[in-house]
2 protein chains.
Amino acid sequence: MNNHKELYKLHADFCKFMSNPKRIEILFLLGEKEMCVDEIASAMEVKVPNISQHLAVMREKGVVDVRREGTKMYYTIANPKTLQACIIMRDAMVEQMEKQFEMIREIKK
Amino acid sequence: MNNHKELYKLHADFCKFMSNPKRIEILFLLGEKEMCVDEIASAMEVKVPNISQHLAVMREKGVVDVRREGTKMYYTIANPKTLQACIIMRDAMVEQMEKQFEMIREIKK
DNA sequence: AAATAATATGCGTGTTTACGCAGATATGGA
DNA sequence: TCCATATCTGCGTAAACACGCATATTATTT
């Protein structure tokens with residue numbers, strides 16, 4: 001069974017949405033509540049077309065769901081696990097930074 | 001407080017290691033046991049220098065730790081949370097794929 | 001049917017990433 | 001010291017990405 005490689009490819013492709021700080025910020029914003037494009041854009045102080053492009057990436061990968069209401073498009077997180085994993089990943093990063101900080105302090109003393 | 005942006009940047013940068021299928025495969029391999037470069041390379045059927053480069057990326061971000069034993073470098077996962085988050089992210093992806101598969105079946109019936 | 005508001009899309013450009021290959025290091029042993 | 005083994009680094013190229021801006025699409029209102 002060597003479709004392992006294929007699964008890793010899908011997995012990496014899905015995770016690509018996290019390789020951009022704006023998309024992570026969008027994920028955390030949507031974690032609080034459903035939002036439309038210009039709400040997100042003004043909350044982040046970023047131009048609307050740019051946010052729309054990032055949302056398109058997240059839509060394609062199935063990270064977010066969309067719902068139309070009149071002219072507005074409301075976005076939500078498709079699966080809460082995505083945010084959960086993202087938070088755990090951030091915790092791991094913070095712990096790692098603290099560990100490295102400790103090591104530097106040990107060397108300096 | 002607008003160092004939020006800076007945190008999102010660090011977060012995204014840390015998560016970049018997941019945007020490549022080979023690095024995800026490396027993470028899962030190291031999840032089983034400590035391994036040296038050529039063990040990883042032959043397990044994955046990838047050239048050693050390429051694996052070394054991917055490990056360098058993971059080292060820089062603090063995703064993996066290294067230990068030298070003679071001429072060999074043994075790699076381990078620095079923080080189990082990293083693998084945990086990665087697994088949850090994969091679960092989210094699989095659930096999402098199943099959801100989309102269901103939707104297509106509904107439309108076709 | 002126009003005009004307007006909200007999003008989405010296409011394109012050009014500068015930046016980053018992946019990876020093969022050649023050459024450089026570092027360690028242990030003859 | 002010289003050689004072999006294991007790993008790392010530098011460089012060139014091709015592909016992917018981010019983002020600004022202009023334009024297109026979609027739905028509401030008049």
Side-chain angles (χ1 to χ4, degrees), chain A residues 5-6 8-27 29-30 33-78, chain B residues 5-6 8-27 29-30 33-78:
Chain A
K5 297 283 180 193
E6 196 51 42
Y8 292 128
K9 216 159 136 187
L10 288 167
H11 191 164
D13 193 59
F14 185 78
C15 291
K16 274 201 185 115
F17 88 90
M18 280 196 298
S19 66
N20 181 286
K22 291 183 185 171
R23 289 197 291 264
I24 291 190
E25 186 168 2
I26 291 171
L27 191 75
L29 281 172
L30 296 181
K33 68 170 198 288
E34 185 183 55
M35 289 175 91
C36 63
V37 182
D38 71 340
E39 271 183 299
I40 298 169
S42 68
M44 289 174 55
E45 297 179 316
V46 171
K47 305 234 182 274
V48 168
N50 189 2
I51 294 299
S52 179
Q53 282 172 323
H54 284 301
L55 286 168
V57 171
M58 296 169 89
R59 244 186 299 135
E60 270 171 27
K61 305 198 184 303
V63 174
V64 294
D65 283 339
V66 210
R67 174 178 74 81
R68 183 185 278 283
E69 197 177 305
T71 62
K72 297 192 172 174
M73 303 290 274
Y74 282 93
Y75 284 84
T76 47
I77 296 177
Chain B
K5 297 283 180 190
E6 196 50 41
Y8 292 129
K9 218 160 132 186
L10 288 167
H11 192 164
D13 192 59
F14 184 79
C15 290
K16 274 198 184 119
F17 88 88
M18 280 196 298
S19 66
N20 180 288
K22 290 182 186 170
R23 288 196 293 263
I24 292 191
E25 187 169 1
I26 290 171
L27 191 76
L29 280 172
L30 295 180
K33 68 169 196 291
E34 186 184 54
M35 288 175 91
C36 64
V37 182
D38 71 339
E39 271 183 301
I40 299 169
S42 69
M44 287 173 59
E45 297 179 316
V46 171
K47 305 232 181 275
V48 168
N50 189 3
I51 294 299
S52 179
Q53 282 172 324
H54 284 302
L55 285 168
V57 171
M58 295 169 90
R59 245 186 299 136
E60 269 171 29
K61 305 197 184 306
V63 175
V64 294
D65 284 338
V66 211
R67 175 178 72 82
R68 181 185 278 283
E69 198 176 303
T71 62
K72 296 192 174 178
M73 303 290 276
Y74 281 93
Y75 284 84
T76 47
I77 295 177

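Since we're looking at a predicted model, the values are computed, not measured. To find a chain, count down the sequence lines: A is the first, B the second, and so on, and within it residues start at 1.
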Fill in the blank from the handout: Each nucleotide of nucleotides 25-30 of chain D classed B (base within 4.0 Å of a protein heavy atom), S (only sugar-phosphate) or -, in 5' to 3' order, makes -SBS--
Problem - Contacts of A:Pro21 that satisfy side-chain contact (heavy atoms from CB on, under 4.5 Å) - sequence neighbours left out - result: B:Tyr8, B:Lys9, B:Ala12
Show me the side-chain donor-acceptor pairs of residues 57-66 of chain A shorter than 3.5 Å, one per line, residues at least two apart or across chains.
residue	atom	partner	partner atom	Å
A:Arg59	NE	A:Tyr75	OH	3.2
A:Lys61	NZ	A:Asp13	O	3.4

Problem - Partners meeting side chain to side chain donor-acceptor pair (under 3.5 Å) with A:Glu34 (sequence neighbours left out) - result: A:Arg67
Exercise for the section: With sequence neighbours excluded, tell me which residues meet side chain to side chain donor-acceptor pair (under 3.5 Å) with B:Asn50. Expected result: B:His54
Problem - Residues forming a side-chain contact (heavy atoms from CB on, under 4.5 Å) with B:Glu39, sequence neighbours excluded - result: B:Lys33, B:Met35, B:Cys36, B:Tyr74
Completion exercise
Whole-Å distance, B:Glu39 CD to D:dT5 P, equals 17 Å
Problem - B:Tyr74 side-chain N/O to D:dA6 phosphate OP1/OP2 under 4.0 Å - result: no
Practice task
On DNA chain C, reading 5' to 3', which nucleotide is the first and which the last to sit with an atom under 4.0 Å from a heavy atom of chain A, could you check?
Solution key: C:dA6 to C:dC11
Exercise for the section: Take the protein atom CZ of B:Arg67 and the nucleotide atom P of D:dA6, then report the distance between them rounded to whole Å. Expected result: 16 Å
Completion exercise
Rounded to whole Å, the CG-P distance (B:Asp38 to D:dA4) equals 18 Å
Completion exercise
Going 5' to 3' through nucleotides 14-22 of chain D and flagging B where a protein heavy-atom sits under 4.0 Å of the base, S where only the sugar-phosphate is that close, and - otherwise, we get ---SSBBB-
